[in-house]
Amino acid sequence: MKTVYAFLADGVEEVEALMVIDLLKRTKKLNVIMVSIKEELMVKGSHGIKFFADKNIDEIDFDSGDCIFLPGGKEGTENLAACSELTQNILTYNEKGKWLTAICAAPSVYGQLGILKDKKATSYPTFADRMNCREYGGSVVTDENFITAKGLGVALELGLEMITQLIDEKTSHMVADQIQYN
């Protein structure tokens, strides 16, 4: 079973995080762990909604993971980008060809690390100048080990694309049917 680490920071866009996490968990074929980048498990979202991560960053084994997911939110993205333990492991995941996924402002973390230079990618439009990618634009974009998404309006599609890439298309269609999508 593949492990997805969903990283949460204060200021996270709640629905982007929880929509994708919910869809991934519905497969029952992925080990999805919500990870707080701080000591405390409680995270306060960009709209004041508080929720709890499963573990904090010091409690996980990055080597056992298969995918990093970064939800957006301006403040949340800034907090994720400032977490050196996370950014160092993002670089390691990229070197190993492991999945790196993000939505809204969060793909800019990958762009600022310089790992999108030869990739197609997307983000929330006001973060386009931080992407440093070969080709920019689209709703949900998959290029090699990266899946990036434009924003909250396509969170559902991002989750289904992650399921397609991490498991298979059949499972993605099954989840879409369960939630009455399409």
Side-chain angles (χ1 to χ4, degrees), residues 1-25 27 30-116 121-124 127 130-131 140 142 145-152 154-156 158-159 161-163 165-166:
M1 184 179 291
K2 291 182 179 171
T3 296
V4 177
Y5 290 128
F7 285 89
L8 306 174
D10 285 340
V12 66
E13 167 50 65
E14 300 95 337
V15 176
E16 290 172 356
L18 296 176
M19 170 72 76
V20 173
I21 291 165
D22 177 274
L23 292 171
L24 300 178
K25 285 182 172 266
T27 69
L30 294 169
N31 180 28
V32 184
I33 300 171
M34 299 186 329
V35 183
S36 172
I37 64 165
K38 58 185 188 174
E39 250 181 67
E40 190 179 355
L41 294 179
M42 191 195 74
V43 177
K44 183 177 179 184
S46 62
H47 298 97
I49 299 169
K50 297 174 184 174
F51 53 103
F52 289 88
D54 301 309
K55 297 183 175 194
N56 72 38
I57 195 166
D58 296 330
E59 296 177 304
I60 64 166
D61 174 18
F62 276 95
D63 291 337
S64 68
D66 300 286
C67 176
I68 287 175
F69 166 55
L70 304 180
K74 183 181 184 306
E75 181 188 350
T77 296
E78 291 167 355
N79 288 331
L80 292 173
C83 179
S84 61
E85 186 174 357
L86 174 59
T87 57
Q88 289 169 354
N89 279 285
I90 287 169
L91 294 172
T92 300
Y93 268 49
N94 188 51
E95 288 169 11
K96 294 180 176 181
K98 291 186 176 189
W99 286 102
L100 294 167
T101 66
I103 186 169
C104 192
S108 68
V109 174
Y110 302 147
Q112 291 171 325
L113 288 171
I115 55 178
L116 294 176
T122 195
S123 70
Y124 193 79
F127 287 81
R130 301 180 198 179
M131 292 297 289
V140 177
T142 302
N145 60 313
F146 288 89
I147 307 172
T148 54
K150 190 175 188 175
L152 175 57
V154 296
L156 198 150
L158 172 62
E161 176 66 9
M162 288 174 66
I163 293 167
Q165 298 301 326
L166 292 166

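Because the structure is a prediction, the values reported are computed rather than measured.
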Worksheet item: Please walk me through it: do Phe62 and Phe7 pass ring-ring contact (aromatic ring centres under 6.0 Å, His included)?
Response: CA-CA 12 Å; Phe62 276 95; Phe7 285 89; 5.8 Å; yes

Practice prompt. Starting from the C-alpha separation in whole Å, work towards a yes-or-no answer on side-chain contact (heavy atoms from CB on, under 4.5 Å) for Leu152 and Glu13.
Written response: CA-CA 8 Å; Leu152 175 57; Glu13 167 50 65; 4.2 Å; yes

Item to complete: Please step through side-chain contact (heavy atoms from CB on, under 4.5 Å) for the pair Thr122 and Val140, ending with a clear verdict.
Response: CA-CA 7 Å; Thr122 195; Val140 177; over 6 Å; no

Fill in: Test side-chain contact (heavy atoms from CB on, under 4.5 Å) applied to Ile90 and Leu113, step by step
CA-CA 9 Å; Ile90 287 169; Leu113 288 171; 3.7 Å; yes

Item to complete: For side-chain contact (heavy atoms from CB on, under 4.5 Å), just list the numbers for Val12 and Asp10, CA-CA rounded to whole Å, side-chain angles, deciding distance to a tenth of an Å, and then say yes or no.
Response: CA-CA 6 Å; Val12 66; Asp10 285 340; over 6 Å; no

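Side-chain contact between Leu70 and Ile68: present, with at least one pair of heavy atoms (C-beta onward) separated by less than 4.5 Å. Counting only heavy atoms from C-beta outward, the side chains of Asn31 and Val4 never approach each other to under 4.5 Å. Side-chain contact check for Lys74 versus Phe127: some heavy-atom pair is nearer than 4.5 Å.
Using a distance-only test at 3.5 Å, with no hydrogens or angles considered, a donor-acceptor pair links the side chain of Tyr110 to the main chain of Thr101. For the pair Asp22 (side chain) and Leu18 (backbone), a donor-acceptor distance under 3.5 Å is absent. Panel note: side chain Lys2, backbone Val32; no donor-acceptor pair is recorded below 3.5 Å. Judged by distance alone, the side chain of Gln112 and the main-chain N or O of Met131 form no donor-acceptor pair under 3.5 Å.
Outside the 6.0 Å centre-distance limit, the rings of Phe146 and Phe69 are not counted as a close aromatic pair.
The nearest pair of heavy atoms linking Gly151 to Ile103 is O-CD1, 3.3 Å. For Asn145 against Gly97, the heavy-atom pair with the smallest separation is CB-O, 3.6 Å. Listed here is the closest heavy atom pair of Ala9 and Gly76: CB-O, 3.8 Å. Contact detail for Ala81 and Val109: the closest heavy-atom pair is CB-CG2, 4.0 Å. Heavy atoms only, all atoms of each residue included: Leu23 and Ala155 are closest at CD1-O, 4.5 Å. Heavy atoms only, all atoms of each residue included: Gly65 and Lys98 are closest at O-NZ, 2.7 Å.
Rounded to the nearest 0.5 angstrom, Ile147 CD1 and Leu166 CG are separated by 6.0 Å. To the nearest 0.5 Å, atoms CG (Asp66) and NZ (Lys96) are separated by 11.0 Å. The line from CD of Glu78 to CD of Glu75 is 7.0 Å long, rounded to the nearest 0.5 Å.
With hydrogens and angles left out, the side-chain atoms of Ser64 and Tyr5 include a donor and acceptor closer than 3.5 Å. Counting only N and O atoms by type, the side chains of Thr142 and Glu161 include a donor and acceptor under 3.5 Å apart.
Exactly one residue among Asn79, Leu80, Asp54, Val43 makes a side-chain contact (heavy atoms from CB on, under 4.5 Å) with Leu8. That residue is Val43.
Pairs passing the ring-ring contact (aromatic ring centres under 6.0 Å, His included) check and including a residue from residues 77-101, sequence neighbours excluded, do not occur.
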